[in-house]
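These numbers were taken from a predicted model, which means no experiment stands behind them. Note: hydrogens, waters and symmetry copies are ignored here, and every other heavy atom, side chains too, is used. Throughout, numbering of the chain's residues begins at 1 and tracks the sequence.
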Amino acid sequence: PFFEVNVTAARLNPADVATIAAAPAPQGGRGGRGGGAPGGGGAPPAMMVTAEKLGDGLYRLTTGPGRYDSLVVEFRGHIMMLEAGQAEARALAYIGEAKKLIPNKPIRYVMNTHPHSDHTGGLPALVAEGATIITHRNNEEFFERALNTPRTLLTDTLAKNPKKANVEAVGDKKVYSDGTRTVEMYHVAPVPHSNGLMVAYFPKEKILFQGDFSLPAPGQPANDHVAALAPVLDRLKLDYDRY
């Protein structure tokens, strides 16, 4: 469920460090992964966030085709964000966009579809923002331990602004509503991808939000994950027309 290391001894700057670990290759040049100016260094370019309005107080945020999207949901007194995937930079960009779209309301919740690293990389930024993580109960211990340990080797937003990560565990189903907005969370099981995977459903807008259940290309068979999702959705009888 998590990776743990006990360090029993260490040597400060050993003379044979070059034989222990090779120096990293320089990052730089146009199009390099490190970004910035040619020759290395510099911050990566700012992410261009596009917001698509799906309904009143409901927006889809993306940084381009094939990227990791999030939904931003407005409640009477707060904001809920669905997913904070990939790197911290994307989460910070989405937080900034959410505050532009829905000003003067705190981000109180962030929903995590499952605990794989590409769907959790942005969570520290949301924890630093004060958001409670909504996730399935199978993931609760992982997040409690992963995000509430000292971040002494990191320089991310949560390391700079330490806050306790609050986790709200969901069983088979949980509904969030303030009388004007309703979001339903469902545990999806059994599926091969994760035993702590959830989807979200918006009954008013008839939208189903999911992570890592990509539909196959036209004419291609569904992969094992989508094939496992289909009977679960049939059982839940969710009336959606957008996926």
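- In this structure, the separation between NZ on Lys53 and OH on Tyr59 is 5.0 Å, given to the nearest 0.5 Å.
- Glu88 places a side-chain N or O within 3.5 Å of a backbone atom of Thr157 that can act as its donor or acceptor partner.
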So Tyr68 and Asp118, side-chain contact (heavy atoms from CB on, under 4.5 Å) or not? Walk me through it.
CA-CA 9 Å; Tyr68 284 60; Asp118 57 330; 2.4 Å; yes

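- A distance-only check finds a donor-acceptor pair linking the side chain of Asn112 to the backbone of His119 [under 3.5 Å].
- Between the CZ atom in Phe142 and the NE2 atom in His136 there is a gap of 16.0 Å [rounded to 0.5 Å].
- Side-chain atoms of Ser70 come within 3.5 Å of backbone atoms of Glu83 as a donor-acceptor pair (strictly under, hydrogens ignored).
- Taking a 6.0 Å sphere around CG of Asp56, one finds it holds 12 or fewer heavy atoms contributed by other residues, nucleotides or ligands.
- Open room surrounds NZ on Lys100; 12 or fewer heavy atoms of other groups in view lie less than 6.0 Å from it.
- A donor atom on one side chain and an acceptor atom on the other are not found under 3.5 Å apart for Tyr186 and Asp172.
- In this pair, His116 and His114 present their aromatic rings perpendicular. The plane angle is above 60°, beyond the 30 to 60° band.
- Taken from OG1 in Thr120 to CD in Gln86, the straight-line distance is 11.0 Å, to the nearest 0.5 Å.
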One pair to check against side-chain contact (heavy atoms from CB on, under 4.5 Å): Leu208 and Arg242. What are the steps and the verdict?
CA-CA 6 Å; Leu208 181 71; Arg242 185 159 187 177; over 6 Å; no

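- A salt bridge does not link Lys163 to Glu129: none of the charged side-chain nitrogens sits closer than 4.0 Å to a carboxylate oxygen.
- Using a cutoff of 4.0 Å between basic side-chain nitrogens and carboxylate oxygens, Glu168 and Arg108 are not scored as salt-bridged.
- Residues satisfying the salt bridge (Lys or Arg N to Asp or Glu O under 4.0 Å) criterion with Asp212, sequence neighbours excluded, are absent altogether.
- A donor-acceptor pair is defined here as one N or O able to donate and one able to accept, closer than 3.5 Å; no such pair exists between the side chain of Asp16 and the backbone of Thr19.
- For the pair Lys99 and Ile95, the minimum side-chain heavy-atom distance is below 4.5 Å.
- Of the possible polar contacts, one joining the Lys105 side chain to the Arg76 backbone as a donor-acceptor pair under 3.5 Å is found.
- Residues Asp69 and Arg60 are paired through a salt bridge, judged by an N-O separation under 4.0 Å between the basic side chain and the carboxylate.
- Distance check, rounded to the nearest 0.5 Å: CG of Leu147 to NZ of Lys164 gives 10.5 Å.
- Shown here is Arg11, whose CZ atom has no more than 12 heavy atoms of other residues, nucleotides or ligands within 6.0 Å.
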Please assess Ile79 against Val73 for the test side-chain contact (heavy atoms from CB on, under 4.5 Å), listing each intermediate value before the final yes or no.
CA-CA 6 Å; Ile79 298 169; Val73 189; over 6 Å; no

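- The aromatic rings of Phe213 and His193 lie tilted to each other, with the angle between the two planes from 30° to 60°.
- The backbone N or O of Asn139 sits nowhere less than 3.5 Å from a side-chain atom of Thr135 that would complete a donor-acceptor pair.
- Tested against Tyr201, the residues Val175, Ile207, Asp239 include a single side chain to side chain contact (heavy atoms under 4.5 Å, CB included) partner, Asp239.
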